[in-house]
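Below is one structure, written out as structure tokens; comments come after it.
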There are 2 protein chains.
Amino acid sequence: MTAALSLVKRARRVKPKRDGEATKKRLLDAAEQEFARKGFAGARLGAIAVAASAQQALVHHYFGDKEGLYQAVLTRAVEATTSEGWDILQRVPIGGARGRKARLDLPALRALVDAFVVAMLRFFATHAPLLSIVRHDARAGGAFTRELVTRTSKPVFDVVVGTLGDLQRRGVVRRGIDVRHVCVSVFAMCAYPYYDEEFLTVLWPVDVRGADFMDARRREIVDTAMARLAP
Amino acid sequence: MTAALSLVKRARRVKPKRDGEATKKRLLDAAEQEFARKGFAGARLGAIAVAASAQQALVHHYFGDKEGLYQAVLTRAVEATTSEGWDILQRVPIGGARGRKARLDLPALRALVDAFVVAMLRFFATHAPLLSIVRHDARAGGAFTRELVTRTSKPVFDVVVGTLGDLQRRGVVRRGIDVRHVCVSVFAMCAYPYYDEEFLTVLWPVDVRGADFMDARRREIVDTAMARLAP
DNA sequence: TGACGAATTGACTATTTAATAAATAATCAA
DNA sequence: TTGATTATTTATTAAATAGTCAATTCGTCA
């Protein structure tokens, strides 16, 4: 009966009264939120346990101590964050097919820049809480920061800088400018609204997270970059 | 003797063994550092006291509790932060003399933008730790954030947006763009290196605080803005 | 000089919070 | 069914940290 029952359970997906993995996940989810909102020192294991509807002792059972929980949150997040930017860039002919004959015209350049901006905006929109969490690690000179950036932003940055450099040598991009600085500017323009929401709202009372604002932002950033790059 | 002695003290500036104001200042200085580095929850009153070479009890004597100390730090900082940006902008003919006949040429526009960028870069370079501190207040929807931004960034933002709007109506600035977005972009480009030092260093191993990088950054930002604004 | 008030000190308390340990209940495999 | 393993709960401990209090020292002024 037990074997049969467990089969039925698995088949009908009856949730068992006890499920370590599920509890672990709930704890990680709750911890992710709590760390993002309060920072590492401000986060309370009690609050995390309540939010996860679990006992505080389970935190220690599964993750050892608070630091362990923090590391687990980051580990999971970093693993989940494979460089999505790549996919978008791959589809841009000029970015993906550097080996082949790339069309060297401005529309293609614009497509590259737009893909870059879209990838960045999406990244920051999705991972703003994660960035807030990882800051604790970053201040401690932690390895997760490096790992995260290496996995996500760096490949995109490198491809774009490389491609822009090529285009610059071929005369499609204005000469005499440092394309790395241009990329940093794009990063900045994309990230700023998510980083500095509270400040920005005082300057300009508008729904910074709203689609309207962000759509306008995307156009603004692409146009700005193009104005800078085009000869 | 006492009166004479105190006169001598004041004259020669002999530091008295006990000086409430001086101690208060040392505590505030130490607290400012500690809050900036560790955040509110992570800051330790003990560490602050040690750094200030004072007793922890004095914190409570002068500021009541931890929250009071935090408020005192912010109050002092906000009061010390009068809108310096104004001064720089005043000196720019096109920004300061809006009433009079302003020269409507591109060099004048460039001067305005450059003054704007210089003011912003200086602000962020000087106040990066303060911004880190105020974030605790900002998350709590605190009044200090609003006060700080209102005192510092907002007047500059408003003047620049207003001036650019004028110039746009007069045809000096390209029509059809939202100058507020341009200003947000400039803010972003100026702030990013200070906000995201740890991230940026992974992308581009360079001394982000160094004069070389920042000088290049200033040129980059001004040129970018001009490329966007010029018709 | 002496008294008063402010600054300072050190010992102490209260509270919060992370961490542990032991007991109980569910699950799974043989 | 049974025994082992794992998940969960309850109670308790240990450590860190904010906050209090009374005693003491020092500067100032009558």
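The figures that follow rest on heavy atoms only: side chains count, while hydrogens, waters and symmetry mates do not. Each chain gets a letter, A, B and so on, in the order the sequences are listed, and its residues count up from 1.
Nearest nucleotide to the A:Leu58 side chain, out of C:dT8, C:dT17, D:dT9: D:dT9. Considering only side-chain atoms of A:Ala57, the nucleotide from D:dA18, C:dT9, C:dT20 that sits closest is C:dT20. In the set C:dA19, C:dT9, D:dA18, the nucleotide with an atom closest to the side chain of B:Lys66 is D:dA18. Side-chain proximity of B:Gln56 to C:dA18, D:dA18, D:dT8: nearest is D:dA18.
For the residue pair A:Arg228 and A:Ser185, no side-chain donor N or O sits within less than 3.5 Å of a side-chain acceptor on the partner.
Taking the six-membered ring for Trp and the full ring otherwise, B:Tyr192 and A:Tyr192 have centroids separated by 6.0 Å or more. If you look at B:Phe213 and A:His181, their ring centroids are closer than 6.0 Å.
Within 4.0 Å of B:Tyr62, counting heavy atoms only, lie sugar-phosphate atoms of the nucleic acid but no base atom. Contact annotation for A:Leu45: backbone-only contact, meaning every heavy-atom pair under 4.0 Å involves sugar-phosphate atoms and none involves a base. As judged by a 4.0 angstrom heavy-atom cut-off over every strand, A:Ala43 is placed among residues touching the sugar-phosphate backbone only.
The distance between atom NZ of B:Lys25 and atom C1' of C:dA7, rounded to the nearest whole Å, is 18 Å. Between B:Glu21 atom CD and C:dA6 atom P there is a gap of 13 Å when expressed in whole angstrom units. Atom pair B:His61:NE2 and D:dT24:P shows a separation of 17 Å (rounding to whole Å applied). Rounded to a whole Å, the CD atom of A:Glu67 is 17 Å from the C1' atom of D:dA15. In this structure, CG of A:Asp65 is placed 13 Å from C1' of C:dT17, rounded to the nearest angstrom. At whole-Å resolution of the value, CZ in A:Phe63 and P in C:dT20 are 15 Å apart.
An OP1 or OP2 oxygen of D:dA16 is reached within less than 4.0 angstrom by no side-chain nitrogen or oxygen of B:Arg44. Contact annotation: A:His60 side-chain N/O to C:dT20 OP1/OP2 distance is not under 4.0 Å. OP1 or OP2 of D:dT10 sits under 4.0 Å from a side-chain N or O of A:Gln55.
Residues meeting the side chain to side chain donor-acceptor pair (under 3.5 Å) test with B:Arg146, sequence neighbours left out: none. With sequence neighbours left out, B:Arg135 forms a salt bridge (charged side-chain N to carboxylate O under 4.0 Å, His left out) with A:Asp196.
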